[in-house]
Amino acid sequence: MLERAKEAPVDVLAWVDQRTQASGFLTGMLYRKVPKGTNWFYTLGSATLFAFIVQAVTGVFLAMFYVPSPTEAYASISHINNDVFLGQFVHGMHKWGATVMVILIFLHMGRTFFFGAYKYPRELNWVIGVVLLILTMTMAFTGYLLPFDQRSFWASIVGININGTGPVLGPYLSDFLRAGPELGATTLARFYSIHMLLIPGALIALIGAHLYLVVKLGTTAPPWVRAQRPKAAAAVSQLEAGGNGGAAPR
Ligand code: HEM
């Protein structure tokens with residue numbers, strides 16, 4: 001009986017695998033070859049992903065107690081910090097986690113830029129990355145208003161006005177964000193909906209596309225490893241890519 005119970009999780013996994021073929025995909029993904037010279041800088045993308053997951057999980061718990069109304073938002077955050085079990089901890093993780101995610105995304109972008117990973121055939125992944133960056137910054141901006149204290153109120157007015165100075169679309173963007181003549185209840189509702197529904201959904205979809213392309217295309221070797229490639233191999237690969245094989249400078 002005990003032996004059967006021990007086998008149960010394996011049986012369940014096998015049952016799911018037979019119907020999804022997921023193990024083939026997972027094996028291919030986890031055992032894929034990585035280029036020579038792969039180092040700690042390549043963990044920055046996964047670290048950003050981890051920071052996003054922490055934000056999503058802590059955000060779900062905060063949403064259970066947060067009230068997006070100008071009269072109750074501040075009190076609901078005080079309630080989370082002072083009365084709810086582990087509330088201050090979860091709120092602190094979410095607040096500091098936002099800063100951590102922004103720092104990590106910039107470091108990851110720097111890594112891909114300095115390693116030349118934005119070049120062919122990964123341009124689309126770079127473009128998706130730029131959208132991910134804009135969405136992450138919008139996430140941080142919209143989240144800042146939610147406590148609805150003096151600092152978040154005035155900082156959001158400054159942020160909305162800065163958006164308004166943009167060319168052509170600026171005034172429309174600031175009107176859209178303010179959601180009325182003055183920053184108030186409708187602004188808070190709009191920021192909350194963008195912060196916890198619209199952008200997380202878009203982020204999940206785009207991170208999925210980003211990681212699909214990473215697995216499909218593989219990662220770029222560091223520039224110093226690429227520079228060391230044997231001459232003959234470099235010439236052949238350039239010919240394949242339509243180059244002149246290093247025969248004469250163009
Ligand atoms: C939510 C944000 C993001 C997540 C979760 C994420 C995740 C990842 C992961 C896990 C990888 C695999 C290799 C690595 O970790 O370095 C990767 C690769 C890559 N990412 Fe991101 N990324 C994000 C944002 C960005 C941004 C902002 C850019 C650039 C604008 C970018 C551009 C790239 C490129 C070009 C690659 C391919 C790297 C290579 O071929 O070596 N990513 N990303």
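First listed ligand is number 1; within each ligand, the first listed atom is number 1.
Relative orientation of the Phe113 and Tyr118 rings is parallel, given thresholds of 30° and 60° on the angle between their planes.
Residue-to-ligand polar distances place Arg122 within reach of ligand 1: an N/O pair is separated by less than 3.5 Å. In terms of polar-atom proximity, defined here as any N/O pair under 3.5 Å, Thr220 does make such a contact with ligand 1. For ligand 1, none of its N or O atoms has an N or O atom of Asn125 under 3.5 Å away. Some N or O of Tyr42 is nearer than 3.5 Å to an N or O of ligand 1, by distance alone. Close N/O approach between His210 and ligand 1 is found [any backbone or side-chain N/O within under 3.5 Å]. The N/O atoms of Gly45, backbone and side chain alike, include one that comes under 3.5 Å of an N/O atom in ligand 1.
With a heavy-atom cut-off of 4.0 Å, Leu203 does not touch ligand 1 at all. With a heavy-atom cut-off of 4.0 Å, Leu49 touches ligand 1 through backbone and side chain alike. If you look at Val214 next to ligand 1, the close heavy atoms, those under 4.0 Å, all belong to the side chain.
Exactly one residue among Thr58, Val84, Val57 makes a side-chain contact (heavy atoms from CB on, under 4.5 Å) with Val90. That residue is Thr58.
Atom CD of Glu182 has 12 or fewer neighbouring heavy atoms from other residues, nucleotides or ligands inside a 6.0 Å radius. More than 12 non-hydrogen atoms from other residues, nucleotides or ligands lie less than 6.0 angstrom from CZ of Arg19.
Atoms of ligand 1 found under 4.0 Å from any heavy atom of Ala117, numbered from 1 in the order shown, are 35 (C), 38 (C), 39 (C), 40 (O), 41 (O). Ligand-side atoms of ligand 1 in range of Arg111: 13 (C), 14 (C), 16 (O), 38 (C), 39 (C), 41 (O), range being under 4.0 angstrom from any heavy atom.
A donor-acceptor pair is defined here as one N or O able to donate and one able to accept, closer than 3.5 Å; no such pair exists between the side chain of Ser152 and the backbone of Pro147. At distances below 3.5 Å, not a single donor-acceptor pair connects side-chain atoms of Arg111 with backbone N or O atoms of Leu44.
Side-chain contact between Thr112 and Asn125 is absent, with no heavy-atom pair separated by less than 4.5 Å.
Judged by the shortest distance from any of its heavy atoms, Leu211 lies inside the 4.0 Å radius around the atoms of ligand 1. Contact annotation: Phe115 has no heavy atom less than 4.0 Å from any atom of ligand 1.
A salt bridge links Lys6 to Glu3: at least one charged side-chain nitrogen sits closer than 4.0 Å to a carboxylate oxygen.
In this model, no donor atom of one side chain and acceptor atom of the other lie less than 3.5 Å apart for Ser78 and Asn81.
The closest protein non-hydrogen atom to atom 34 (C) of ligand 1 is Thr112 CG2, 3.4 Å. Nearest protein neighbour of atom 1 (C) of ligand 1, counting heavy atoms only, is Ile207 CD1, 3.8 Å. The protein heavy atom nearest to atom 24 (C) of ligand 1 is His108 CD2, 3.6 Å. Looking only at heavy atoms of the protein, atom 28 (C) of ligand 1 is closest to Gly129 CA, 3.4 Å.
Here the closest non-hydrogen pair linking Ile157 and Leu183 is CG1-CD1, 3.6 Å. Across all their heavy atoms, His91 and Leu62 have their closest contact at CA-CD2, 3.9 Å.
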